[in-house]
Enquirer: 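Structure below; questions to follow.
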Amino acid sequence: MPVRVLESSTPSQVSGANSGHTSFQACTLLGVGQAFSGTQNVSSLQKDEAWRVNVRIQGCDLEHGYLCGTMEALNVPMADTPVVTFWEGEIVDTKNYTFFTGKWEATPEDDIRHWTKFQSFSPLMGQVEADGGKSLDLSNYPYIFMRWKEQYFVNVGTDCGLTIAGFYYVCFSCSDGSISGFYYDPNSSQNSCVFC
């Protein structure tokens with residue numbers, strides 16, 4: 001089964017953004033209703049594929065480090081219709097969630113390996129290695145790090161040729177609303193791919 005990876009460009013709208021929170025002041029582009037479009041690149045041993053992906057944020061609670069939404073993959077080779085999934089996310093805010101996942105079969109080594117693929121993570125590396133980043137203040141950092149875990153398929157069965165066993169390491173730019181990420185699935189030979 002192919003590994004799913006999402007790349008997203010800037011949001012299609014800014015209205016409805018959640019700007020009433022003091023933490024992550026610059027993340028007004030992460031509000032409920034925001035829509036993002038991009039390309040998902042998938043690498044497997046057989047071939048490389050890319051298809052269009054749309055993401056919509058359905059819920060966002062910055063105080064508790066939570067967000068959720070839907071992801072729609074278009075032109076998936078083994079599916080007759082777009083594949084829609086519902087996902088839940090954890091915002092790495094060092095209060096509710098740290099850079100160490102602690103579940104979904106991800107080890108601290110897996111976490112470090114994936115987070116270091118983001119150039120914006122470099123300045124945080126030393127502190128994350130020391131304590132998972134618990135002592136970092138990320139409230140004014142120009143990037144927001146998250147994990148997105150697809151929970152279920154909305155409109156297709158599990159025989160659509162895709163897996164949601166893994167999760168995404170995600171980096172969101174507060175300045176332009178761009179999103180990049182890497183997928184991790186401990187049961188796949190292709191554990192990560194970059195958004196492009």
Side-chain angles (χ1 to χ4, degrees), residues 4-42 50-76 81-99 101 104 114-115 117-121 124 137-156 162 164 166-184 193-196:
R4 299 173 43 111
V5 177
L6 162 78
E7 177 264 357
S8 181
S9 60
T10 56
S12 63
Q13 60 179 337
V14 180
S15 64
N18 187 352
S19 59
H21 293 278
T22 56
S23 61
F24 295 112
Q25 293 175 6
C27 84
T28 57
L29 298 175
L30 262 187
V32 173
Q34 293 295 19
F36 303 86
S37 294
T39 303
Q40 177 168 306
N41 296 316
V42 180
W51 54 75
R52 299 293 302 163
V53 176
N54 298 315
V55 172
R56 181 169 298 275
I57 297 176
Q58 305 290 337
C60 185
D61 180 354
L62 298 178
E63 183 65 28
H64 295 99
Y66 174 84
L67 72 161
C68 64
T70 55
M71 187 181 310
E72 175 188 44
L74 308 169
N75 302 320
V76 177
T81 61
V83 176
V84 180
T85 57
F86 174 79
W87 56 268
E88 292 184 301
E90 301 174 345
I91 299 171
V92 177
D93 56 8
T94 69
K95 180 180 92 173
N96 297 290
Y97 301 101
T98 70
F99 284 97
T101 305
W104 305 321
H114 285 79
W115 291 126
K117 293 179 183 187
F118 300 110
Q119 189 174 19
S120 55
F121 178 80
L124 311 174
D137 178 3
L138 299 174
S139 60
N140 291 313
Y141 200 67
Y143 297 92
I144 297 174
F145 299 96
M146 301 174 273
R147 286 179 285 270
W148 293 358
K149 173 71 174 112
E150 291 170 297
Q151 300 297 322
Y152 56 85
F153 292 100
V154 173
N155 66 331
V156 296
L162 299 178
I164 59 173
F167 67 95
Y168 297 90
Y169 291 89
V170 177
C171 180
F172 178 84
S173 170
C174 296
S175 62
D176 64 11
S178 62
I179 299 174
S180 59
F182 297 89
Y183 187 78
Y184 172 72
C193 302
V194 68
F195 302 140
C196 45

Enquirer: Relative to the ring of H114, is the ring of Y184 parallel (under 30°), tilted (30 to 60°) or perpendicular (over 60°)?
Expert: perpendicular
Enquirer: Looking only at atom types and distance, does a side-chain atom of K149 sit under 3.5 Å from a main-chain N or O of I164, one as donor and one as acceptor?
Expert: yes
Enquirer: Do F167 and W87 come close enough that some side-chain heavy atom pair is under 4.5 Å?
Expert: no
Enquirer: Can you see which heavy atom on H64 is nearest to which on Y97, and at what distance?
Expert: O-CE1, 3.8 Å
Enquirer: Kindly write out the residues that satisfy side chain to side chain donor-acceptor pair (under 3.5 Å) with T98, not counting sequence neighbours, or none if the list is empty.
Expert: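 So T98 forms no side chain to side chain donor-acceptor pair (under 3.5 Å) with any residue.
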Enquirer: Atom NZ of K117 and atom SG of C171: how far apart are they, to the nearest 0.5 Å?
Expert: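 The distance works out to 14.0 Å.
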Enquirer: Evaluate the criterion side chain to side chain contact (heavy atoms under 4.5 Å, CB included) for residue pair L124 and W115; output intermediate values, then yes/no.
Expert: CA-CA 10 Å; L124 311 174; W115 291 126; over 6 Å; no
Enquirer: To the nearest 0.5 Å, what is the distance between CD1 on I144 and CD1 on I91?
Expert: 6.5 Å
Enquirer: Is the shortest side-chain heavy-atom distance between I57 and F36 below 4.5 Å?
Expert: yes
Enquirer: For the residue pair S175 and P142, establish whether any side-chain heavy-atom pair is separated by less than 4.5 Å.
Expert: no
Enquirer: Taking all heavy atoms of P82 and all of N155, pick out the closest pair and write down the distance.
Expert: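 Minimum heavy-atom separation between P82 and N155: O-ND2, 2.7 Å.
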Enquirer: Evaluate R52 against T39 for side chain to side chain contact (heavy atoms under 4.5 Å, CB included), listing each step before the verdict.
Expert: CA-CA 5 Å; R52 299 293 302 163; T39 303; 3.3 Å; yes
Enquirer: For F99, run the ring pair (Phe, Tyr, Trp, His ring centres under 6.0 Å) check against F121, F118, Y169 and tell me which one passes.
Expert: F121
Enquirer: Can you sort out the partners of N96 under side chain to side chain donor-acceptor pair (under 3.5 Å), two or more places apart, ordered by chain and number?
Expert: D93
Enquirer: Quick check for you: to the nearest 0.5 Å, what is the distance between S37 atom OG and R56 atom CZ?
Expert: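 Those atoms lie 9.0 Å apart.
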Enquirer: Drop me the distance from K95's NZ to S139's OG, to the nearest 0.5 angstrom.
Expert: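 These two atoms lie 11.0 Å from each other.
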Enquirer: Parallel, tilted or perpendicular: which fits the ring planes of F86 and Y152, with parallel below 30° and perpendicular above 60°?
Expert: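 Correct class here is parallel.
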Enquirer: If you measure from CZ on F145 to OG on S120, what distance do you get to the nearest 0.5 Å?
Expert: 3.5 Å
Enquirer: Got a donor-acceptor contact below 3.5 angstrom from the R147 side chain to the V170 backbone?
Expert: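 Judged by distance alone, no pair lies under 3.5 Å.
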Enquirer: Roughly how far apart are S178 OG and F172 CZ, rounded to 0.5 Å?
Expert: 7.5 Å
Enquirer: Strictly distance-based, threshold 3.5 Å: is any side-chain N or O of Y168 a donor or acceptor partner for the main-chain N or O of G89?
Expert: no
Enquirer: Is any side-chain heavy atom of W148 closer than 4.5 Å to one of I179?
Expert: yes
Enquirer: Taking ring-ring contact (aromatic ring centres under 6.0 Å, His included) as the definition, give me every residue that meets it alongside Y66, ordered by chain and number, with sequence neighbours left out.
Expert: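 If we apply the ring-ring contact (aromatic ring centres under 6.0 Å, His included) test to Y66, skipping adjacent residues, there are no hits.
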